[in-house]
Novice: 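After the structure tokens below, expect a handful of questions from me.
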There are 2 protein chains.
Amino acid sequence: MSQLKPDPIGRTALAVEITNRLRQMILEGVMQPGEKINEKALTTQFGVSRTPLREALKVLAAEGLLDLIPHRGAVITRQSEAEVAEVFQVLAALEGLAGDLAAKVASEADLAQITEMTEQLRRSYAETDRPTYFRINQAIHKAILVASGNDTLVKSHELLAHRVQRARYQANLTPERWRAAVEEHEAIAKALSARDTATASRLMQDHLLHKLTSIRVKS
Amino acid sequence: MSQLKPDPIGRTALAVEITNRLRQMILEGVMQPGEKINEKALTTQFGVSRTPLREALKVLAAEGLLDLIPHRGAVITRQSEAEVAEVFQVLAALEGLAGDLAAKVASEADLAQITEMTEQLRRSYAETDRPTYFRINQAIHKAILVASGNDTLVKSHELLAHRVQRARYQANLTPERWRAAVEEHEAIAKALSARDTATASRLMQDHLLHKLTSIRVKS
DNA sequence: GAAGTGAATTATGAATTCAATATTATGTCA
DNA sequence: TGACATAATATTGAATTCATAATTCACTTC
């Protein structure tokens, strides 16, 4: 749905490429919050002119990753703890909706895959393989979103999730929290498979809010 | 909150100005969905060069109002009924959260104002003054969002609400639906004032979903 | 020596120019 | 006449250039 392929073979617009790379750099923390962006420096680094770079900055500003101050340039948005909490509240609502919808409309294949991934999650936890755990965790959340069948929901979620990914990366995963998270995921998978919309929705919301608490504790 | 004033005296960037005007034009239906945008034509109409115009297009595309197809230009996003439904589902979730939060944290002054506006809504309904009704209706929704104290929620909602504003304008308001809507608003105001988070949340969600149905019927 | 003013430098905002791709028009051949 | 190939045109993508505002730094003055 709404999946028209506008760009058949590797001819992505330069501005798009720059947007993605810059976003990645910000999310990975290569560029720190509060840091001012020097257009000239970036153009030489990327080997492009200022025109597509500035277009990329406009997009990232629209996404909330940058603040564009007239005649002063772009600054990486600084995230207060309060703002992260705000975003998580919204994300929780969105994932709650995703849980509800997924329990309603997901295909059996979707549910099977989510269950399968949840088992992988359990294994990566048992092996204390954090990188794998994070990867699978993300994949599960994404899968549930997609299984909701609501593309707008997926995109809205993506936009916001980007903004707290930094905080998420740094979240400290205490042993207790980690164990709880795995169990929550298993409960979610179960509720989805049982087509229990109310429970799936509630569990998804709670799961997100718990995640927020674990981030908060750290700082 | 997050209300830093970046632009003291009237020196808005040209690109921002264009972005706003173009957005307005799209939302008001001056430019129809599916319509292809000719950059040259717009530059002459606005009296600017292509550079800031293209930056504006990038922003609007990020907002989901345009599709940017490589080497083919921008096209106003065409909204299928299914997409509108998707957006409304997400909006319902967001307004549900707003209801929950507002019932929890809104100031007494906020609640008094919402109640007051709800009474105005009733009056405008009694006088069958549709323009006023629409205006107050929007104001109430906005007020509840703001009263939630979650700025991220307000902005996310705004972004999505923009996208269905077109459909909303055209929604047919049958007498029954109109009456029901007013009653729903009164129930919401009551739940908020009673600090009944669960009810406020549920009513807000239902209200939005009902709105969707009334749009659907028409087409 | 510190504060303030003004020139020089640097960075951003916007227009213009150049290049590459897509669209349209024309003509040829079956 | 219709389909295809090719040329002409128009449009988009990106680099360069020009203009304007902000920052920096030196100098004057108290």
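Just so we're on the same page: letters track the sequence lines, and every chain starts at 1.
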Novice: Please report, rounded to the nearest Å, how far the C1' atom of C:dA22 is from the CD atom of B:Glu39.
Specialist: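 B:Glu39 atom CD is separated from C:dA22 atom C1' by 13 Å.
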Novice: Between A:Leu57 (CG) and C:dG13 (P), how many Å, whole number?
Specialist: 9 Å
Novice: Roughly, in whole Å, what's the span from NZ in B:Lys40 to C1' in C:dT23?
Specialist: 15 Å
Novice: Under 4.0 Å between a side-chain N or O of A:Arg72 and OP1 or OP2 of D:dT23?
Specialist: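 True: A:Arg72 side-chain N/O within range (under 4.0 Å) of D:dT23 OP1/OP2.
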Novice: Just the rounded figure in Å: distance from P of D:dT11 to CG of B:Leu68.
Specialist: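 Taking CG of B:Leu68 and P of D:dT11, I get 17 Å after rounding.
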Novice: What's the closest nucleotide to the B:Thr51 side chain, out of D:dA21, D:dG13, D:dA15?
Specialist: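 When the side chain of B:Thr51 is considered, D:dA15 is the closest of D:dA21, D:dG13, D:dA15.
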Novice: Would you say B:Ser201's side chain and B:Gly96's backbone share a donor-acceptor pair under 3.5 angstrom?
Specialist: yes
Novice: Taking atom types as modelled, is there a side-chain donor on B:His210 or B:Glu184 under 3.5 Å from an acceptor on the other?
Specialist: yes
Novice: Figure out the CD/P separation between B:Glu17 and C:dA14, and round it to whole Å.
Specialist: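 My rounded result for the distance is 10 Å.
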Novice: Got a donor-acceptor contact below 3.5 angstrom from the B:Gln79 side chain to the B:Arg163 backbone?
Specialist: yes
Novice: Between D:dA10 atom C1' and B:His71 atom NE2, what is the distance in whole Å?
Specialist: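 After rounding, the reported distance stands at 15 Å.
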Novice: If the cut-off is 4.0 Å, is B:Arg54 near the phosphate of D:dG13, judged by side-chain N/O to OP1 or OP2?
Specialist: yes
Novice: From the options D:dA14, C:dT21, C:dA14, select the nucleotide whose nearest atom is closest to the side chain of A:Leu14.
Specialist: D:dA14
Novice: Where each residue is assigned the nucleotide of DNA chain D containing its nearest heavy atom, which of B:Ala74 and A:Arg50 is assigned the position nearer the 5′ end?
Specialist: B:Ala74
Novice: Please check the phosphate of D:dA15 (OP1 and OP2 only) for any side-chain N or O of A:Ser49 closer than 4.0 Å.
Specialist: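 For D:dA15, OP1 or OP2 has a side-chain N or O of A:Ser49 closer than 4.0 Å.
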Novice: In terms of the nearest nucleotide of DNA chain C, which residue is placed more toward the 5' end: A:Asn38 or B:Glu55?
Specialist: A:Asn38
Novice: Just the rounded figure in Å: distance from C1' of C:dT10 to CD1 of A:Ile37.
Specialist: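 Checked: the CD1 to C1' distance equals 18 Å.
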Novice: I need the NZ-P distance between A:Lys58 and C:dA14, as an integer number of Å.
Specialist: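 Whole-Å distance recorded here is 7 Å.
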Novice: Answer yes if the side chains of B:Glu95 and B:His207 hold a donor-acceptor pair under 3.5 Å, and no otherwise.
Specialist: no
Novice: Is there a side-chain polar atom (N or O) of B:Lys36 under 4.0 Å from OP1 or OP2 of D:dT12?
Specialist: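 Yes, B:Lys36 has a side-chain N/O under 4.0 Å of OP1/OP2 on D:dT12.
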Novice: For the residue pair A:Gln24 and A:Glu28, confirm or rule out a side-chain donor-acceptor distance under 3.5 Å.
Specialist: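 Present: a donor and an acceptor within the cut-off.
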